[in-house]
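In what follows, chains are A, B, ... by sequence order, proteins preceding strands, each numbered from 1.
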4 protein chains.
Amino acid sequence: MVAARKCFARNGFHQSSIADIRTVAGISSGTLFHYFPNKQALVLAIVASEGEQVALCLSQLAEIADCRDALNLLLQLIAELAADGDANALAIEIAAESRRDPDVRALAADNDTVLREGLEGLIRAGIARGQVSNTVDAALVAQWLMSWIDGVFSRVSVDLAFKPMDQLPLMRQLLDMVLTGGRVMS
Amino acid sequence: MVAARKCFARNGFHQSSIADIRTVAGISSGTLFHYFPNKQALVLAIVASEGEQVALCLSQLAEIADCRDALNLLLQLIAELAADGDANALAIEIAAESRRDPDVRALAADNDTVLREGLEGLIRAGIARGQVSNTVDAALVAQWLMSWIDGVFSRVSVDLAFKPMDQLPLMRQLLDMVLTGGRVMS
Amino acid sequence: MVAARKCFARNGFHQSSIADIRTVAGISSGTLFHYFPNKQALVLAIVASEGEQVALCLSQLAEIADCRDALNLLLQLIAELAADGDANALAIEIAAESRRDPDVRALAADNDTVLREGLEGLIRAGIARGQVSNTVDAALVAQWLMSWIDGVFSRVSVDLAFKPMDQLPLMRQLLDMVLTGGRVMS
Amino acid sequence: MVAARKCFARNGFHQSSIADIRTVAGISSGTLFHYFPNKQALVLAIVASEGEQVALCLSQLAEIADCRDALNLLLQLIAELAADGDANALAIEIAAESRRDPDVRALAADNDTVLREGLEGLIRAGIARGQVSNTVDAALVAQWLMSWIDGVFSRVSVDLAFKPMDQLPLMRQLLDMVLTGGRVMS
DNA sequence: GATGAATGAGATTTCATTCAT
DNA sequence: TATGAATGAAATCTCATTCAT
């Protein structure tokens with residue numbers, strides 16, 4: 001499955017033939033279909049594993065006492081992950097594939113919901129603990145962060161000059177301001 | 001070709017067969033290949049036409065006297081465009097295809113550069129006219145806006161509950177703050 | 001399609017690969033699938049063409065003035081057809097395939113009904129014209145003849161020593177007796 | 001193997017995969033191939049077991065004192081067996097497979113010969129005992145009965161409205177007449 | 001210019017069979 | 001004996017592209 005990941009990241013789901021994958025994996029086609037009933041199952045397995053990583057990452061962030069620290073760390077993790085070619089490529093492949101395969105879409109939407117609700121949860125926890133202004137609309141801010149996250153992944157892929165890390169200071173200040181509430185809220 | 005656009009938006013570049021396209025277009029395969037030497041040319045033509053729309057849009061924005069008005073309008077146009085299913089789908093298809101086909105990537109990168117430099121130009125013009133703080137890093141802000149734009153397109157596609165328009169007030173305030181300079185700059 | 005017939009008769013539907021058929025037909029696989037969307041369609045086309053032959057044959061028999069002459073001729077035609085290797089082989093293949101593929105079964109059942117009702121019609125016409133005893137149960141006799149017809153096809157295939165023609169005199173006498181009515185009816 | 005029988009009857013020899021059979025049998029493929037060297041051996045074993053049943057049935061019929069009683073009983077047994085879905089399906093599968101696999105054909109032909117010669121033997125015994133006219137051509141009548149038997153199996157499979165039992169009275173009268181000799185012989 | 005029949009390489013998937021454990 | 005992971009040949013079907021008409 002690690003081989004499939006590599007192939008898919010490099011060439012995309014539909015441009016990676018079963019022959020490519022089995023060659024990289026060093027197994028026969030029969031063996032491949034012994035473990036995965038069809039190519040879609042392979043794709044779904046990879047989407048699911050991405051989801052597990054998201055969940056794992058969120059559970060670690062949730063243990064950080066200060067909500068702002070947690071979110072700042074998240075921004076940094078995203079910037080790092082976006083710079084990882086394979087992770088980035090897979091994210092875009094999954095987005096594209098979601099448009100066609102309803103099963104992929106469902107799984108990807110689950111992953112997405114986990115992340116978004118995780119962010120929302122972090123913010124709410126921050127409000128509860130008094131670390132974030134109680135005028136903040138947690139759902140809206142979570143959506144805003146999700147846009148940025150998706151955007152960073154996209155940018156890295158499209159614009160070779162884009163360095164996620166360069167965006168961090170600006171985003172941190174904006175996030176700080178948003179969480180502080182004040183004039184910024186809708 | 002409007003038929004190809006429809007097919008590509010609906011099913012993706014690789015899932016739309018020539019047969020699909022020629023059926024929707026109501027022409028024979030021979031005729032199709034008379035106008036486009038191969039399938040890739042069809043894809044490139046569509047990517048190019050997207051680019052023309054971007055350029056057209058920017059030229060109109062450049063004529064607006066107040067840089068902030070222009071950028072606010074841009075935010076709104078993006079929010080509207082992202083909500084258009086076909087435009088959104090095509091954007092994602094192009095992003096995915098760019099990862100494999102260098103010709104597509106080159107063309108898409110050109111489109112991207114046009115937009116990014118257009119934004120940067122708007123901001124610089126704003127600085128020159130004194131509408132934007134001269135402490136603002138135009139390139140950085142343009143990149144930040146590009147992230148958000150890409151992110152909004154992505155969000156619409158992934159999260160059915162996401163409404164681009166809901167994000168506008170927040171983004172407008174943030175943009176305003178960023179352009180005003182002050183503490184926000186890196 | 002004549003090539004497919006040959007292959008199917010020789011090796012059966014599932015033992016004839018597309019490659020076999022296209023080789024015999026002297027065309028490429030692409031061409032084959034240009035005319036038939038899939039292998040099943042090829043099978044169905046052949047089953048349908050068998051049905052047309054049955055209908056044609058029956059329409060000719062229906063024009064014979066004497067019902068007994070018509071039925072006697074039918075017995076002879078069956079005996080001749082059963083001796084034709086390809087026709088015989090196809091009949092058995094169709095019977096076997098009908099057990100699995102509902103579409104084939106439906107078409108084969110149609111063919112079968114046409115023949116059975118044709119026989120019944122011949123007998124009823126004979127009764128109407130006074131050529132056959134009006135104590136005869138036309139449906140039952142038609143069923144009996146159908147059994148014999150199927151049986152002859154089967155026998156030829158299983159028992160190399162079986163000569164359909166040798167059975168004709170016996171069957172003609174039995175048929176004559178049945179149609180004459182008398183003690184024989186149920 | 002009872003599981004294989006079930007699968008073969010339901011789906012046919014070539015449509016039943018080894019995986020199907022071993023699942024129904026509740027054993028592993030390794031175990032299956034421990035007992036049967038290959039799939040063909042499984043088919044042959046089933047064909048052979050059919051033959052044993054035929055032989056058993058005949059030996060019981062041979063013990064009946066009156067030849068006509070024995071043959072009448074046989075007609076009834078056939079009508080009952082033909083109505084048994086699995087037995088019927090297998091008979092057709094064997095007929096179809098015989099056309100391709102010489103080993104199957106040889107075994108099936110043996111079974112067939114046993115039955116035909118058994119019938120012939122019953123009739124000859126009847127002649128010897130004076131229960132059947134000595135003008136009767138035993139071989140020919142046996143062939144005629146075999147045709148009917150095969151035909152009944154085929155009819156049941158093709159024509160859902162066909163009830164073997166309905167045919168019995170007619171066949172019994174015809175058989176009676178044939179065995180009595182007289183005008184009916186060739 | 002327009003057509004659509006023909007091509008054939010290549011894709012996914014199945015399945016009988018083997019063999020190390 | 002029993003297992004089931006591994007094999008790889010072969011099957012069906014797709015599709016971008018060509019070219020004679």
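Under 3.5 Å, the side chains of B:Thr31 and B:Ser28 contain a donor-acceptor pair of N or O atoms.
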Give every pair of a protein N or O atom and an N or O atom of nucleotides 14-16 of chain F that lie under 3.5 Å apart, one pair per line with the distance.
{"unit_1": "F:dA16", "atom_1": "OP1", "unit_2": "B:Lys39", "atom_2": "NZ", "d": "2.9"}
{"unit_1": "F:dA16", "atom_1": "OP2", "unit_2": "B:Ile18", "atom_2": "N", "d": "2.5"}

- request: Please lay out, stage by stage, how C:Arg100 and D:Glu93 fare under the test salt bridge (Lys or Arg N to Asp or Glu O under 4.0 Å).
  value: CA-CA 11 Å; C:Arg100 295 166 221 135; D:Glu93 278 303 312; 2.3 Å; yes
query: Step by step, would you call A:Arg105 with A:Asp110 a salt bridge (Lys or Arg N to Asp or Glu O under 4.0 Å)?
result: CA-CA 8 Å; A:Arg105 159 175 280 261; A:Asp110 281 353; over 6 Å; no
query: Going through the checks in order, is the side-chain contact (heavy atoms from CB on, under 4.5 Å) test met by B:Arg10 and B:Asp86?
result: CA-CA 7 Å; B:Arg10 213 170 290 160; B:Asp86 279 7; 5.8 Å; no
- prompt: side-chain hydrogen bond (donor to acceptor under 3.5 Å, both in side chains) between A:Asn111 and A:Glu50: does it pass, once the steps are laid out?
  reply: CA-CA 8 Å; A:Asn111 292 352; A:Glu50 299 288 295; over 6 Å; no
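Helical stems in DNA chain E, defined as runs of 3 or more consecutive Watson-Crick or G-U wobble pairs with donor-acceptor distances under 3.5 Å: E:2-21 with F:2-21.
Annotation: the span from C:Leu32 atom CG to C:Ile27 atom CD1 amounts to 4.5 Å, rounded to 0.5 Å. Note that the CG atom of C:Leu90 and the CZ atom of D:Arg99 stand 9.0 Å from one another [nearest 0.5 Å].
C:Ile92 approaches C:Phe153 most closely through the heavy-atom pair CD1-O, 4.4 Å.
Note: CG (B:Leu32) to C1' (F:dC19) measures 16 Å, nearest angstrom. The interatomic distance linking B:Leu42 (CG) with F:dT17 (P) rounds to 10 Å, in whole Å. A straight line from CZ of D:Arg22 to P of E:dT17 spans 15 Å, rounded to a whole angstrom. One interatomic measurement links the two molecules: OH of D:Tyr35 to C1' of F:dT1, which rounds to 7 Å at whole-angstrom precision.
Mapping C:Gly26 and B:Ile27 onto DNA chain E via the closest heavy atom, the residue that lands nearer the 5' end is B:Ile27.
Contact annotation for A:His34: base contact, defined as any heavy-atom pair under 4.0 Å involving a base atom.
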